[in-house]
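Just below is one structure, and these are the notes that go with it.
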Amino acid sequence: MKMFLDGKWVDRDEKIEVLDPFDNSLIDTVPSGNDRDVETALAAAVRGFQITKKMTVYDRAQILFRAARLIEERLEEFAVIIARESSKTINEARKETSRCVNTISCSAEEAKRILGETIPFDSFPGGEKRRGYYYRFPIGVVLAITPFNDPLNLVAHKLGPAIAAGNSVILKPATVTPLSAIKLVEVLLEAGLPPQAIQLITGYGSVIGDPLVADERVRMISFTGGVEAGKHIAARAGIKKIGMELGSNSPVIVWKDADLQLAVESCVSGAFWAAGQNCIGVQRLLVHNDIYDEFKSAFVERTGKYRIGDKMKEETNMGPMITETEAKRVEKWVNDAVAGGAKLLTGGKRRGALYEPTVLENLPADATIHHEEVFGPTVNLYQVDDLDEAIKEANSLPYGLLAAIFTTSIDVAFKASYDLDCGGVMINDSTDYRLDSMPFGGVKYSGLGREGLKFSLQEMTEPKVVCFNLPGM
Ligand code: NAD
């Protein structure tokens, strides 16, 4: 496939191979973008903004509604691309595609709700004859940088609101999963997006990242990815707006009065969805002592039933990790924890990029798998006795995207929802629940700002004040 720069699909001699992580078969190649491509993208995006900022809300919304319909009509095509280039099973990929339809349609709806307000200039002496208002105008060129784990919907979370707001966009999709993003850009163009409105540059973050990020023509960077890349980008960005959706190490409290069957089902899915490569995947399960043994045996038994293997088979529950190198990293983190005293309850074996769903307990405090984001199919169990202690443990790490609690007590649920230090608390769901239109983002190292279409639109627009001085009034 090709990249899309300055209104044309373009290729380069230097290519990046896109491989299926299940068997390493070659799916396709994409051009490896270089410095000159970066300059082409930046210059074209600036020209593109002169077009997009004049487009009406009606036109922007119609393009997005048409794109959403096209994706829905081609749902299976999109799902196959996601399932092949990423870790997801075909069923997980279908769900991601239907969420993408919702993300793009909600962007269209939100385009119609970019509102301003009148300003009471007469609220301070001197303003008696002044009248005015503010409205929100598009920020300019948005640089969207996206990760591998939701290769379609996380791209839609940037392109949808950027287009709805009237911005032009430069998209740099994940190096290993660019194909779903390319297909999305094809659909947006087919739906009527002016070609100048979007630049799609494929390549290595380490090569094209810095010149894109540092350039003053970019007015906002909307980044989703790991903390290390996030820190690197923030250090180079200079004076521009930055939205960061980063990693986490999500805690779930299972209180003594919880519906255990619900908690087990929900947390097994939440821990192993997309082979655990999920920013809101369950990593730490803090279980009340009174129900610990019962919960543990049900959780381990359910985990053992997970079918792993070929992503394209309907019956497969979990596919491989994105690369064998990543699976080896997780294997090492588990082995190191076990060597330090952790107990392996199930899983722990690797075949190529496939790593078994794994459950650990008795984690030493210095185990990397306890305090870092694992981004793999493993989950840690801890025993807790007291709610304050559980909340303190949940808050103890420098991440805070989503947290969750299973309880049937309204008091416990309320206390947890106030005291958990994070961007959102799920009650009687695992952390792996997200409605695409809700405000989504984290505190501490989990991010800066919020996505979720209405909230992304706020981030991607700026208020402009208009004040009339009316001396003849
Ligand atoms: P990553 O940080 O390795 O890469 C993300 C993107 O950044 C890729 O497109 C990559 O090419 C690019 N990149 C890397 N270095 C760059 C640089 N120096 N300059 C510019 N771009 C650069 O992340 P990943 O492995 O693709 O994704 C996994 C991470 O993403 C996890 O930490 C996960 O938690 C996080 N994530 C967060 C959310 C969220 O919404 N909070 C959602 C999904 C994933």
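When a ligand or atom number is given, it counts from 1 through the structure's own listing order. No experiment lies behind these values; they were computed from the predicted model shown.
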Are any of the side-chain nitrogens in Arg307 or Glu314 under 4.0 Å away from the carboxylate oxygens of its partner?
no
Taking all non-hydrogen atoms of both residues into account, name the closest pair between Glu459 and Ile139 and its distance.
O-CD1, 4.1 Å
Does anything in residues 367-381 pair up under side chain to side chain donor-acceptor pair (under 3.5 Å), and if so which pairs, sequence neighbours excluded?
His370-Tyr382, Glu372-Tyr399, Asn380-Tyr382
Test: Arg434 cationic atom under 6.0 Å from Phe440 six-membered ring centre, within 45° of axis
yes
Pick from Glu324, Glu331, Glu326: which one makes a salt bridge (Lys or Arg N to Asp or Glu O under 4.0 Å) with Lys328?
Glu324
Pairing of Arg113 and Glu110 as salt bridge, 4.0 angstrom limit:
yes
Give the protein residues with at least one non-hydrogen atom closer than 4.0 Å to an atom of ligand 1, ordered by chain and number.
Ile145, Thr146, Pro147, Phe148, Asn149, Leu154, Lys172, Pro173, Ala174, Thr175, Gly205, Gly209, Phe223, Thr224, Gly225, Gly226, Ala229, His232, Ile233, Glu245, Leu246, Gly247, Cys279, Glu373, Phe375, Leu401, Phe440
